[in-house]
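Residue numbers run from 1 in the order of the sequence given. Below, each value reflects all heavy atoms present in this structure, side chains not excepted, and no hydrogens, waters or symmetry copies.
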Amino acid sequence: QVQLVESGGGLVQPGGSLRLSCAASGFSLDYYAIGWFRQAPGKEREGVSCISSSDGMTDYADSVKGRFTISRDNAKNTVYLQMNSLKPEDTAVYYCATVIWGPSWASEHDSLRDYWGQGTQVTVSS
């Protein structure tokens, strides 16, 4: 089955850390840039971070710069999002998707994205 599967979400206290994984099955991530997105209840979807396919270039939303780190392990066909110093406003469902690397990766039309994961819930609360 061709799909992206996110994992690693959960409940964490403010200031805590989580590492999300985005694993591909049925296809290789080698040639895809991957983006992480999040959507909180009542809010628009937000592009959080992106990593290019070939040279590992990265991009981050201003709201997560210095706290989140995106990485990829092509041997494991997986992209990670390390989230540190979590805040209550980071609470959302986090999704990964294949994207086209470039300055507009977060605002591309969904028709340009080949694959989406089902999402993983991240809740930051004391």
Q.
Walk me through whether Thr98 and Trp116 qualify under side-chain contact (heavy atoms from CB on, under 4.5 Å).
A. CA-CA 7 Å; Thr98 56; Trp116 279 96; over 6 Å; no
Q: Report the residues that fulfil salt bridge (charged side-chain N to carboxylate O under 4.0 Å, His left out) with Asp59, sequence neighbours left out, ordered by chain and then residue number.
A: none
Which atom names give the shortest non-hydrogen contact between [X] and [Y], and what distance separates them?
{"X": "Ser125", "Y": "Pro14", "result": "C-CD, 3.6 Å"}
{"X": "Arg113", "Y": "Ala97", "result": "CD-CB, 4.4 Å"}
{"X": "Ser52", "Y": "Ala33", "result": "CA-CB, 4.0 Å"}

Q: Check the pair Ser63 / Glu46 against side-chain hydrogen bond (donor to acceptor under 3.5 Å, both in side chains), numbers first and verdict last.
A: CA-CA 10 Å; Ser63 58; Glu46 174 189 18; 3.0 Å; yes
Once you round to the nearest 0.5 Å, how far does [atom1] of [X] lie from [atom2] of [Y]?
{"X": "Thr78", "Y": "Asp73", "atom1": "OG1", "atom2": "CG", "result": "6.5 Å"}
{"X": "Ser53", "Y": "Trp101", "atom1": "OG", "atom2": "CH2", "result": "9.5 Å"}
{"X": "Met83", "Y": "Trp36", "atom1": "CE", "atom2": "CH2", "result": "8.0 Å"}

Q | Worked check of side-chain contact (heavy atoms from CB on, under 4.5 Å) between Val5 and Gln118 | A | CA-CA 7 Å; Val5 179; Gln118 83 291 347; 4.1 Å; yes
Are any non-hydrogen side-chain atoms of [X] and [Y] less than 4.5 angstrom apart?
{"X": "Thr123", "Y": "Val12", "value": "no"}
{"X": "Tyr60", "Y": "Ile70", "value": "yes"}
{"X": "Gln39", "Y": "Val93", "value": "no"}

Donor-acceptor contact present, side-chain [X] to main-chain [Y], <3.5 Å:
{"X": "Thr120", "Y": "Glu6", "answer": "no"}
{"X": "Thr91", "Y": "Glu89", "answer": "no"}
{"X": "Ser104", "Y": "Glu108", "answer": "no"}

Q. Is it true that Lys65 and Asp62 have a side-chain N and a carboxylate O under 4.0 angstrom from each other?
A. yes
(Q) Do Tyr32 and Val2 sit in one hydrophobic cluster, given that two such residues count as connected whenever their side-chain heavy atoms are within less than 4.5 Å of each other, even indirectly? (A) yes
Q) Has Arg38 got its NZ or CZ under 6.0 Å from the middle of the six-membered ring of Tyr94, at an angle within 45 degrees of the ring axis? A) no
Show the atom names and distances, to 0.1 Å, of all donor-acceptor pairs under 3.5 Å that link a side chain in residues 15-29 to residues at least two apart or in another chain.
from	atom 1	to	atom 2	distance (Å)
Ser17	OG	Asn84	OD1	2.9
Ser25	OG	Gln1	O	3.1
Ser28	OG	Asp30	N	3.1
Ser28	OG	Asp30	OD1	3.3

Q: Might you work through the side-chain contact (heavy atoms from CB on, under 4.5 Å) test for Leu86 and Phe68, ending with a clear yes or no?
A: CA-CA 9 Å; Leu86 283 162; Phe68 290 11; 3.8 Å; yes
Q | Identified side chain to side chain contact (heavy atoms under 4.5 Å, CB included) counterpart of Ser49 within the set Thr69, Val79, Ile34, Leu81 | A | Leu81
(Q) For a ring pair (Phe, Tyr, Trp, His ring centres under 6.0 Å) check, start with the C-alpha distance between Trp105 and Phe37, then their side-chain angles and the critical distance, and finish with the verdict. (A) CA-CA 11 Å; Trp105 67 267; Phe37 300 82; 5.5 Å; yes
Q) side-chain contact (heavy atoms from CB on, under 4.5 Å) between Arg72 and Ile51: does it pass, once the steps are laid out? A) CA-CA 8 Å; Arg72 64 191 301 152; Ile51 187 165; 3.8 Å; yes
